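Each remark here refers to the structure printed beneath this line.
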Amino acid sequence: RAEELARKALDLQKKTPWAYHALSHVIEEEGDAACGVEFLTSSRESWKDSLYGGHLTWHLALYHLDLGNIEAVLAEYDSVLCDKVVSYLGLVDAASLLWRLDVMGLDPGEERWQKVVDAFTRCHLDHRALTWFDAHVMMSLAHGKVTESAARLVLAERLLKSISEYAKNNTSTDCKIADVVGVPVCNALLAFGKEQYSEVVSLMLPLKYDLVKMGGSWAQRQVFSVTLIHAAIRSNQLPLALALIAELKAMKPKNRTLDKLYNEVKSLCGTMEHGPIRIVQLP
């Protein structure tokens, strides 16, 4: 139904950014990244200058990431997304994309990160309003090996203290969300930057199906799934990692990056001392 209405909207007005956005989510839900690349690339002239031009570029970059085209991901970031960090949505898009690359072991480079860090810390370090946004501020501060950057580590801990205090206020629905989901998620993101991967799993796995409370689309929340998967791999919890990848693969069957990762982890599981792969029941 969403696809039908979006295509009808485009028939009426070719430059309707909401319709392109709706169709991008349809394609994401169907897991057909190659179709997504073709759709957004062929229609780019119709949406690139719209309010959603940056966000649709983010969707395009995600399709490229699903296909394993890392050079194309960075090209989209450098040509469009890096200049969109002046807005709320632009900052979220940039932090989310760079963090995905980071946890996947694909270092996007400190120069790209620094622009995002500067934008976040200039206006948003001590002002709480939306837990979803705060998690992306933490991504920017905790990226890489945060223990190697004393300045970022201090800022990350300051942010965490601010979020924890905000969560105790209990003056809004978002305060409650921060208390139940936001604080542990931000702790987990910081733990990832500290290379405390078992701690990441301990914090994020129980919340896996509660992350929807923070908001964002399914496409956006996948950044947390990717974080959890790679934390499980890095902490040598390979059967769990395999189960998490398989779950995401079931929803994105044409995802080449997930296929490659699944086969790599499956191979590692087969060589583990404890023997054959065992089934892991996700909470």
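The figures that follow rest on heavy atoms only: side chains count, while hydrogens, waters and symmetry mates do not. The structure presented is a predicted model; accordingly, all values stated were derived computationally and were not measured. Counting from 1, the numbers follow the sequence of the chain as shown.
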Is there side-chain contact between [X] and [Y], with heavy atoms separated by less than 4.5 Å?
| X | Y | result |
| --- | --- | --- |
| L91 | H124 | yes |
| Y166 | S172 | yes |
| L101 | D107 | no |
| L153 | K194 | yes |
| Y77 | L98 | yes |

By side chain to side chain donor-acceptor pair (under 3.5 Å) - contacts of D126 (at least two apart): R158
Would [X] and [Y] pass as an ion pair if we require N to O under 4.0 Å?
| X | Y | answer |
| --- | --- | --- |
| E28 | K252 | yes |
| K208 | E247 | yes |
| R128 | D134 | yes |
| E4 | R7 | no |
| R44 | E76 | yes |
| K161 | E157 | no |
| R256 | D66 | no |

Do the ring centers of [X] and [Y] come within less than 6.0 Å of each other?
| X | Y | answer |
| --- | --- | --- |
| F133 | H136 | no |
| W18 | Y52 | yes |
| Y20 | F39 | yes |

Euclidean distance, [Y] [atom2] relative to [X] [atom1], rounded to 0.5 Å:
| X | Y | atom1 | atom2 | value |
| --- | --- | --- | --- | --- |
| E264 | C269 | CD | SG | 12.0 Å |
| K48 | L40 | NZ | CG | 14.0 Å |
| D93 | T57 | CG | OG1 | 9.0 Å |
| I163 | C175 | CD1 | SG | 12.0 Å |
| L160 | L155 | CG | CG | 12.5 Å |
| L141 | W113 | CG | CH2 | 9.0 Å |

Minimum heavy-atom separation for [X] to [Y], with atom names?
| X | Y | answer |
| --- | --- | --- |
| A241 | V265 | CB-CG1, 4.3 Å |
| T121 | L125 | O-CB, 4.0 Å |
| T131 | M214 | CG2-SD, 3.7 Å |
| K145 | R152 | O-NH2, 4.4 Å |
| V200 | A231 | CG1-CB, 3.5 Å |
| H25 | A219 | CE1-CB, 4.1 Å |

Does any N or O in the side chain of [X] come within less than 3.5 Å of the main-chain N or O of [Y], such that one atom is a donor and the other an acceptor?
| X | Y | result |
| --- | --- | --- |
| Y63 | S24 | yes |
| N255 | L258 | yes |
| S235 | A232 | yes |
| E30 | D32 | no |
| K115 | C82 | yes |
| S43 | S46 | no |
| R221 | L211 | no |

Does the side chain of H143 come under 3.5 Å of the side chain of E110 through a donor N or O and an acceptor N or O? yes
Going by the angle between their ring planes, with limits at 30° and 60°, are H55 and W58 parallel, tilted or perpendicular? parallel
By side chain to side chain contact (heavy atoms under 4.5 Å, CB included), which residues pair with C123, not counting sequence neighbours? none
Determine, using the 4.5 Å side-chain heavy-atom cutoff (strictly less than), whether V146 and V154 are members of one ILVMFWY cluster. no
What pairs meet the salt bridge (Lys or Arg N to Asp or Glu O under 4.0 Å) rule with one or both residues in residues 226-239, with sequence neighbours excluded? none
